Amino acid sequence: MSVNINLVDNKNSEAIRREKTKKLRAISFSVLFVTAFLAVIIFAIDYRFSASYVQKQEAELLQELQPFSDVSAKLFITNTKLSDLNQILNKRLNHSKKVRLISDGARDVTIEEFTINSEGTQLKINSYSLSSIDEYLNYLVGLVDEEEFSGILLNSLQSNESGYVAELSLI
Amino acid sequence: MKLNLSDEKLKDSLKDNKELLVVISVFGASIGLFLIFILPGILNFPSKMNDRNMEIEKLNQIKQAKSVLEATNKNQLEEDTDLATRALPSDRNFELILGAISEAATRSNAIIVGYKFSASSNSVEVVQGQFPGLIFEIEMAGGVDQAAGFSDQLSIAFPVSEVQEITYERGVSTVIVSFYYKPFTEVNAEDVALARQRTEGEIKALEEISGWNRFVIDPVIFEQVSSESASPF
């Protein structure tokens with residue numbers, strides 16, 4: 001077989017092929033190196049920034065805190081109690097102020113019966129003078145205007161041998 | 001078409017393409033490495049970062065707990081614990097309750113006619129939020145002013161109480177009051193990390209109870225009071 005009739009020189013073709021293969025080999029090893037390097041980097045990042053790494057630090061720190069366990073328990077209990085107390089103190093009813101307000105105006109009337117609770121205030125007053133009852137009612141209406149109470153209701157007004165008796169509700 | 005390759009030809013072919021096979025193997029190894037190590041690492045990164053951030057939060061809490069614990073004055077803490085426990089006992093402390101009633105009566109000049117509480121488990125306990133309490137009904141001679149004065153004094157006495165109702169009829173005022181308590185919260189060894197700075201509300205509560213009337217419980221007074229009252233103790 002004659003080689004002279006080939007349009008491409010076989011020697012050149014072989015050299016080009018080798019050159020290409022060499023290039024491909026270099027590229028493939030570079031890619032492998034880069035991939036391996038990336039894998040190592042990702043492994044390192046994964047370890048360094050993993051939750052378990054932080055957990056290890058937590059465990060070490062908790063170990064350091066062991067001598068404080070008594071103080072910590074006491075602090076936790078005290079803070080919890082104070083937090084509970086804060087809730088109670090913020091929510092607890094204060095009837096005394098309202099009782100005093102109602103009582104302070106009752107100079108010429110007698111409070112016969114009185115109830116104050118979370119639902120409101122009921123009172124029964126007595127006086128020989130209707131004008132004293134009127135004055136006291138105006139005083140209570142004033143308290144409503146001052147927004148100490150949200151409303152007042154005169155349930156009944158009767159007269160008997162002991163004078164005038166009025167039953168009131170304050171909300 | 002049937003391909004008939006003899007061993008000899010195959011060997012020749014492999015020999016000729018040896019370099020190419022190496023290249024293909026190396027690319028394969030790269031792809032393998034990428035699929036096994038890099039891709040899962042990248043895909044799991046967000047969830048791992050989430051886990052890590054949570055752990056970092058815990059770590060910071062522990063660090064904060066450490067600094068709080070190191071700065072804690074043990075004697076002051078003892079005092080605060082004592083105050084908080086007196087203000088909100090962990091169980092039904094009748095001794096403290098009777099002491100508070102007696103102290104409030106003394107300070108407000110109220111004359112206690114009698115007091116009682118129901119022994120029935122259904123009616124004895126009230127709840128404000130999640131706090132159980134004991135309801136006492138205290139009768140005293142005098143008008144509503146007397147009852148208001150007594151309530152004021154009771155509100156600054158240990159343990160913490162809340163006046164539910166004040167009634168007055170025929171010269172006798174009745175104050176219905178609930179005394180709160182709350183069982184201890186269990187603390188585990190790992191809860192050492194729960195130490196924290198007090199909140200504003202907690203500081204405010206401590207300041208308030210620090211100003212409450214302190215009293216010494218005198219057993220003789222209780223014997224006298226309980227013999228005069230309708231109390232079951």
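Numbers restart at 1 for each chain; the letters A, B, ... are given by sequence-line order, proteins then strands. Predicted, not measured: the structure shown is a model, and the values here were computed from it.
Distance check, rounded to the nearest 0.5 Å: CG of A:Leu61 to NZ of B:Lys58 gives 12.5 Å.
Looking at A:Asp46, only its side chain comes within 4.5 Å of chain B, counting heavy atoms on both sides. A:Leu24 touches chain B through backbone and side chain together, each having a heavy atom under 4.5 Å away. B:Glu208 touches chain A through its side chain: at least one heavy atom from C-beta onward sits under 4.5 Å away, while N, CA, C and O do not. Proximity to chain A involves both the backbone and the side chain of B:Thr81, based on heavy atoms less than 4.5 angstrom apart. Contact annotation for B:Ser155: both backbone and side-chain heavy atoms come within less than 4.5 Å of a heavy atom of chain A. Using a 4.5 Å cut-off between heavy atoms, B:Lys66 touches chain A through backbone and side chain atoms alike. Heavy-atom distances place both the backbone and the side chain of B:Ser90 under 4.5 Å from chain A. Contacts of A:Ser50 with chain B are made by backbone atoms alone, with heavy-atom separations under 4.5 Å and no side-chain atom involved. Contacts between A:Asp70 and chain B at a heavy-atom distance below 4.5 Å are absent for every atom of the residue. Contact annotation for A:Ala36: both backbone and side-chain heavy atoms come within less than 4.5 Å of a heavy atom of chain B. Using a 4.5 Å cut-off between heavy atoms, B:Arg196 contacts chain A through both its backbone and its side chain. In this structure, chain A has no heavy atom under 4.5 Å from any part of B:Pro40.
Put simply, the side chain of B:Lys204 does not reach to within 4.5 Å of the side chain of A:Leu82, judged on heavy atoms. With a 4.5 Å cut-off on side-chain heavy atoms, A:Asp84 and B:Phe131 count as touching. In this structure, B:Arg198 and A:Leu75 have side chains that are in contact, with non-hydrogen atoms separated by less than 4.5 Å. Two residues are said to be in side-chain contact when any heavy atoms from C-beta on lie closer than 4.5 Å; A:Phe68 and B:Glu70 meet this criterion. Counting only heavy atoms from C-beta outward, the side chains of A:Asn79 and B:Gln197 never approach each other to under 4.5 Å.
Contacts between residues 95-133 of chain A and chain B, counted as heavy-atom pairs separated by less than 4.5 Å, involve A:His95, A:Ser96, A:Val99, A:Arg100, A:Ser103, A:Ile111, A:Glu112, A:Glu113, A:Phe114, A:Thr115, A:Ile116, A:Asn117, A:Ser118. Contact residues of residues 23-32 of chain B toward chain A are B:Val23, B:Val26, B:Phe27, B:Ala29, B:Ser30 (heavy-atom distance under 4.5 Å).
Each of A:Ile41, A:Ile27, A:Thr80, A:Ile77 has some count of heavy-atom pairs under 4.5 Å with chain B, and the biggest count is that of A:Ile77.
Residues A:Lys81 and B:Glu202 are not paired through a salt bridge, judged by the lack of any N-O separation under 4.0 Å between the basic side chain and the carboxylate.
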